[in-house]
Amino acid sequence: MQLLGALGALSFACQLLLSCGIAGAQSLSELQTLVKQDSDSLARLDMDAFMKNVVAESKSYAVVVQLTALSPKYKCEPCIKLDKTLRAVARGWGRHGDKSRIIFASMDVDDGEELFHKMKIEQIPRLMVFPAGAGPHALANASPREMTIKEETMTPVGMSAKLSSLLGVEIKPDVP
């Protein structure tokens, strides 16, 4: 499962954000409201929520977002597998983590087709990490990054370990 052009696409998304005149992030509470609507603590994003709350440079929280195609019409088995894994990680964070530090989210092609097109996303799923750029949890390098999807990161424990390393905080998945 090869993922192409992620950094260029992320750079484009940041440029798109600035060219749209969207300054800063909406309140963290908007994303937390979306998280509360999902039993697995995974916020469902549309293009507007993604642009206002994920790409914003000055946010004090990190966002881990999967770009996916979960509708049965797409028949994307890797998307379904990644979704199950991310949901286990998000559930664990929702139960034990600081909900103002990391938000787990999902953006489906059906909810953001225009963004997928503008970012020239040709292959999915993708797992993107948008670190905090401000506040006590800001990383020195808050540039967005794509997490490479490998066999070990397609398990809740493996994904949690990789995200823990990237974000500098222990993330425990909810696994039986």
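Heads up: numbering here begins at 1 and tracks the sequence.
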Specify the closest pair of heavy atoms between [X] and [Y], including all atoms of both residues, with the distance to one decimal.
X: Phe116; Y: Leu67; answer: CZ-CB, 3.8 Å
X: Ala43; Y: Ile103; answer: CB-CG2, 4.5 Å
X: Ile171; Y: Ser164; answer: N-OG, 2.9 Å
X: Gly112; Y: Met107; answer: CA-CE, 3.2 Å
X: Leu31; Y: Val63; answer: CD1-CG2, 4.3 Å
X: Gly158; Y: Thr155; answer: N-OG1, 3.0 Å

Going by the disulfide bond (SG atoms under 2.5 Å apart) test, which pairs reach into [range], not counting sequence neighbours?
range: residues 81-176; result: none
range: residues 112-176; result: none
range: residues 63-176; result: Cys76-Cys79
range: residues 107-176; result: none

Problem - Listed partners of Lys84 passing salt bridge (charged side-chain N to carboxylate O under 4.0 Å, His left out), at least two apart - result: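 Listed in chain order: nothing, the list is empty.
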
When you group the ILVMFWY residues by side-chain heavy-atom contacts below 4.5 Å and let the links chain together, are [Y] and [X] in the same group?
X: Met154; Y: Leu70; answer: no
X: Ile124; Y: Ile80; answer: no
X: Val157; Y: Val169; answer: no

Exercise for the section: Kindly state whether the ring of Phe130 and the ring of Phe50 have centres lying under 6.0 angstrom apart. Expected result: yes

Exercise for the section: Measure from the side-chain N and O atoms of Trp93 to the backbone N and O of Lys172, and report whether any donor-acceptor pair falls under 3.5 Å. Expected result: no

Report yes if some heavy atom in the side chain of [X] is under 4.5 Å from a heavy atom in the side chain of [Y]; otherwise report no.
X: Val35; Y: Leu42; answer: no
X: Val64; Y: Leu163; answer: yes
X: Lys162; Y: Glu152; answer: no
X: Met147; Y: Met128; answer: no
X: Met51; Y: Leu115; answer: yes
X: Asn53; Y: Lys59; answer: no
X: Thr68; Y: Leu82; answer: no
X: Arg145; Y: Pro131; answer: yes

[X]: which residues meet the side chain to side chain donor-acceptor pair (under 3.5 Å) condition with it, sequence neighbours left out?
X: Ser100; answer: Asp98
X: Glu114; answer: Lys118
X: Ser106; answer: Gln66
X: Asp46; answer: none

Practice task
Evaluate the side chain to side chain contact (heavy atoms under 4.5 Å, CB included) criterion for residues Tyr74 and Asp110: first the C-alpha distance (whole Å), next the side-chain angles of each, then the deciding distance (0.1 Å), finally the verdict.
Solution key: CA-CA 10 Å; Tyr74 297 114; Asp110 287 340; 2.5 Å; yes

Exercise for the section: Please round to the nearest 0.5 Å and tell me the distance separating atom CD of Gln123 and atom CD1 of Ile149. Expected result: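 CD1 of Ile149 is found 10.5 Å from CD of Gln123.
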
Under 3.5 Å, which donor-acceptor pairs do the side chains of residues 135-144 form with other protein atoms, sequence neighbours left out?
{"residue": "His137", "atom": "ND1", "partner": "Arg101", "partner atom": "NE", "Å": "3.2"}
{"residue": "Asn141", "atom": "OD1", "partner": "Ser143", "partner atom": "N", "Å": "3.0"}
{"residue": "Asn141", "atom": "OD1", "partner": "Ser143", "partner atom": "OG", "Å": "2.9"}

Problem - Pairs touching residues 33-45 that satisfy side-chain hydrogen bond (donor to acceptor under 3.5 Å, both in side chains), sequence neighbours left out - result: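 Only Asp38-Arg87, Asp40-Arg87, Asp40-Arg91, Arg44-Asp111 qualify under side-chain hydrogen bond (donor to acceptor under 3.5 Å, both in side chains).
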
Problem - Shared-cluster residues of Val175, by chain and number - hydrophobic side chains joined below 4.5 Å - result: none

